[in-house]
Amino acid sequence: MKKRTEISKILSHPPLQAEVTVMGWVRAFRSNRFIALYDGSSAKTLQIVVNFEQFDENLLKKISFHACIAVTGKLVESQGVGQTVEVLAQHIEILGESNPEAYSLQPKVQTMEFLREKAHFRMRTATFSSVFRIRHGVAYAIHKYYNDRGYYYLHSPIITGSDAEGAGEMFRVTTLNLDHVPKTSEGTVDFSLDFFEKPTNLTVSGQLQAEIGALALGKVYTFGPTFRAENSNTSRHLAEFWMIEPEVAFYDIEDNMDLAEDFVKYLINYVLEHFPDDVAFLDQRIKDAEKNMKQEERRPMGLLDTLRFVVDNAFERITYTEAIELILNSKEYKKGKFEFELAWGKDLQAEHERWLVEKCFKKPVIVRNYPKDIKAFYMRLNDDGQTVAAMDVLFPGIGEVIGGSQREERYDVLLQRMHEMGIDEHELLWYLELRKFGGCPHAGFGLGFERMVQFITGMGNIRDVIPFPRTPGNAAF
RNA sequence: GCCUCCUUAGCUCAGUCGGUUAGAGCGGCGGACUGUUAAUCCGUAGGUCCUUGGUUCGAGCCCAAGAGGAGGCGCCA
């Protein structure tokens, strides 16, 4: 294959007056003369100028929307205002035709719902290519952040024999013949004949295994797929999503909050620094879409301004008890603007979290020290005996992006909490033994990867920031 | 799991009180133009009004069931 130059390289260091060969797909062909070509390497297109009198008419007709072409020509300064350089085409080859009469995408704004059903084509659009470039950037930045700080990447298992995490409904993993399920003499499923000789599921969290790592390697993180079989139908939930779970020995809840805040700010900064064109495009895309919307439906701030604001300001840190008081004393609550009643001991509803973030503080909020009864068994009991050292990081628009805690390192207290919450201690003997032998204070959290990408890209639906979303009733592609 | 809304041309939608031949923009196709940036201008084709059943002289419109989709809530990341 002839050597090609990537569009991003041409745009960043233009080899003016040199002959270049570019290969990519047609985003637009205007006036039978100007091709906007993209090849995935940049959010920007490269303008190809075609002197149509010099080319065969049949060839020109095949330069249609999303057709794949190779162009050789001289790179020159552009005469137009929309771009700095352009290629004067000397030779054009059609690598892959795209018959516009039959092709399902069109050069116009199409709805996210329509494009979601065309997942094999949607990545070709400007919006989705920007989203997935940024998604890659966030993933890379996660590894870079932890690697640069001496953390070890720990691979927690995807198939788990434990169903005690309590993080949600699980997907069963089995090789049993579902048409003829073997039964025990009691009539229950005989899992001793299954592949693992016991019931197994897809993981809902790598946290408990990460704790094993933290108590040996000091600082670890997991970053992998997790699965929840909840029948969740919202723009913030997926059945298959990716989660980052750092776990750190000798960290308490304060250290944990510092880490969470520093971490997410780093990720946003990384994208702002390395993907400015993509962020600018998505920012403009949202502004264009909001032109036809009422004032109250628009975002309070543009995407770029929101990201800069989050990076430049300290997150608000309050306790659960303070949060309850703020909400109960708010004029909105007194006027009955909230759907759900609130009282100490009840979990904050989405509307309460949104009020704290978007109305009260107008910035990300970390809420800590929740009542023990509404949180998981492994969270460390505070001295008041009523609350646990849990923390949630709440973001505007998408709510909870991080949930974490200082873990209960005291064997007796942990055992007691497991009994209180009906957790079978025999299932988690290994977890208890971590406390019995060489235990120490430690803490960690889980960051929802797609929720983070959703926030950074400003996409309204989490299904549009993962290439192939899995949701109830949908596992296409 | 619960609640609400939607389904009309390839796409996005309009369609009045139930009334004759189903409307627009974009896209496609044909042509004109040629330094465009969502190019522009002229012309043109394109419809199982989601499906099934019902009410009615008459249904895109009303009723019922089903299918598909979206939004909100809960669960959480």
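So that the names make sense, note that chain A is the first sequence line, chain B the second, and so on, each numbered from 1.
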Looking at B:C2, B:G30, B:C29, which one has an atom nearest to any side-chain atom of A:Lys61?
-> B:G30
Could one point to a donor on the side chain of A:Ser232 or the base of B:C75 with an acceptor on the other under 3.5 Å away?
-> yes
Counting only Watson-Crick or G-U wobble pairs whose two distances fall under 3.5 Å, which nucleotide matches B:G28?
-> B:U44
What nucleotide, of B:C29, B:U12, B:C76, holds the atom closest to the side chain of A:His237?
-> B:C76
Please work out if A:Asn461 contacts a base, only the sugar-phosphate, or nothing of the nucleic acid, heavy-atom cut-off 4.0 Å.
-> sugar-phosphate
Look at A:Glu420 together with A:Arg417 and state whether they make a salt bridge at an N to O cut-off of under 4.0 Å.
-> yes
Considering only side-chain heavy atoms of A:Lys108, which listed nucleotide, B:C73, B:C26, B:U36, is closest?
-> B:C26
Length of the CZ-C1' vector between A:Phe223 and B:A77, whole Å | 13 Å
Determine the Euclidean distance between corresponding P atoms of B:A9 and B:G15; express it in Å to zero decimal places.
-> 15 Å
What about A:Gln106, does its side chain sit under 3.5 Å from the base of B:G10 through a donor-acceptor pair?
-> yes
Examine the base of B:A77 for any acceptor or donor lying under 3.5 Å from a partner atom in the side chain of A:Arg228, and report the outcome as yes or no.
-> yes
Searching all strands shown, indicate the nucleotide that pairs with B:U37 (Watson-Crick or G-U wobble; both distances under 3.5 Å).
-> none
Nearest-Å distance for atom pair CZ/C1', residues A:Arg236 and B:A70 = 15 Å
In the strands shown, is B:G58 matched to any nucleotide by a Watson-Crick or G-U wobble pair with both distances under 3.5 Å, and which?
-> none
Should the pair A:Arg451-A:Glu400 be classified as a salt bridge under the 4.0 Å nitrogen-to-oxygen rule?
-> no
Check if the side chain of A:Arg451 and the base of B:C76 share a donor-acceptor pair of N or O atoms closer than 3.5 Å.
-> yes
Taking OH from A:Tyr103 and C1' from B:G10, how many angstroms apart are they, rounded to a whole number?
-> 13 Å
Quick one: do the A:Arg285 and A:Thr127 side chains pair a donor with an acceptor below 3.5 Å?
-> yes
If B:A9 has a Watson-Crick or G-U wobble mate with both distances under 3.5 Å, name it; if not, just say none.
-> none
Taking N and O atoms by type only, does the side chain of A:Glu339 place a donor or acceptor under 3.5 Å from a partner on the base of B:G74?
-> no
Should B:C73 form a Watson-Crick or G-U wobble pair with both distances under 3.5 Å, which nucleotide is its partner?
-> B:G1
Closest nucleotide of RNA chain B for A:Leu238 versus for A:Ala350: which of these residues is on the 5' side?
-> A:Ala350
Any side-chain heavy-atom pair from A:Ile212 and A:Glu247 closer than 4.5 angstrom?
-> no
When the C1' atoms of B:G60 and B:U8 are considered, how many whole Å apart are they?
-> 7 Å
Indicate whether A:Phe241 forms a stack on B:A77; treat it as stacked only if centroid distance is below 5.5 angstrom and interplanar angle below 30 degrees.
-> yes
With sugar-phosphate meaning primed atoms plus P, OP1 and OP2, does A:Phe34 contact a base, only sugar-phosphate, or nothing at under 4.0 Å between heavy atoms?
-> base
Re B:A64: Watson-Crick or G-U wobble partner, both distances kept under 3.5 Å, found to be B:U52
Please report, rounded to the nearest Å, how far the C1' atom of B:A70 is from the CG atom of A:Asn474.
-> 13 Å
Just one of A:Trp25, A:Tyr103, A:Phe29 clears the ring pair (Phe, Tyr, Trp, His ring centres under 6.0 Å) bar with A:His66, so which one?
-> A:Tyr103
Cationic tip of A:Arg149 within the cone over A:Tyr266's six-membered ring, i.e. under 6.0 Å and within 45° of the normal?
-> yes
Reckon A:Arg30 has a side-chain N or O less than 4.0 Å from the OP1 or OP2 of B:U36?
-> no
Nearest listed nucleotide, side chain of A:Phe340, among B:G74, B:C29, B:G69 | B:G74
Test for a donor-acceptor pair under 3.5 Å between the base of B:U12 and the side chain of A:Gln110, counting only N and O atoms.
-> no
Spell out yes or no: do the side chain of A:Glu113 and the base of B:G69 have one donor N/O and one acceptor N/O closer than 3.5 Å?
-> no
With respect to the phosphate group of B:A70, does any side-chain polar atom (N or O) of A:Arg463 fall under 4.0 Å of OP1 or OP2?
-> yes
If you check the A:Glu117 side chain, which of B:A77, B:U36, B:G69 turns out closest?
-> B:G69
A:Asn51 side-chain N/O to B:G35 phosphate OP1/OP2 under 4.0 Å = no
Could you check A:Gly448 against A:Ser235 and say which one's nearest nucleotide on RNA chain B is further toward the 5' end?
-> A:Ser235
Within the structure shown, what part of the strands sits under 4.0 Å from A:Arg285 by heavy-atom distance: base, sugar-phosphate, or nothing?
-> nothing
A:Arg122 with A:Asp464: basic N within carboxylate O range, under 4.0 Å = yes
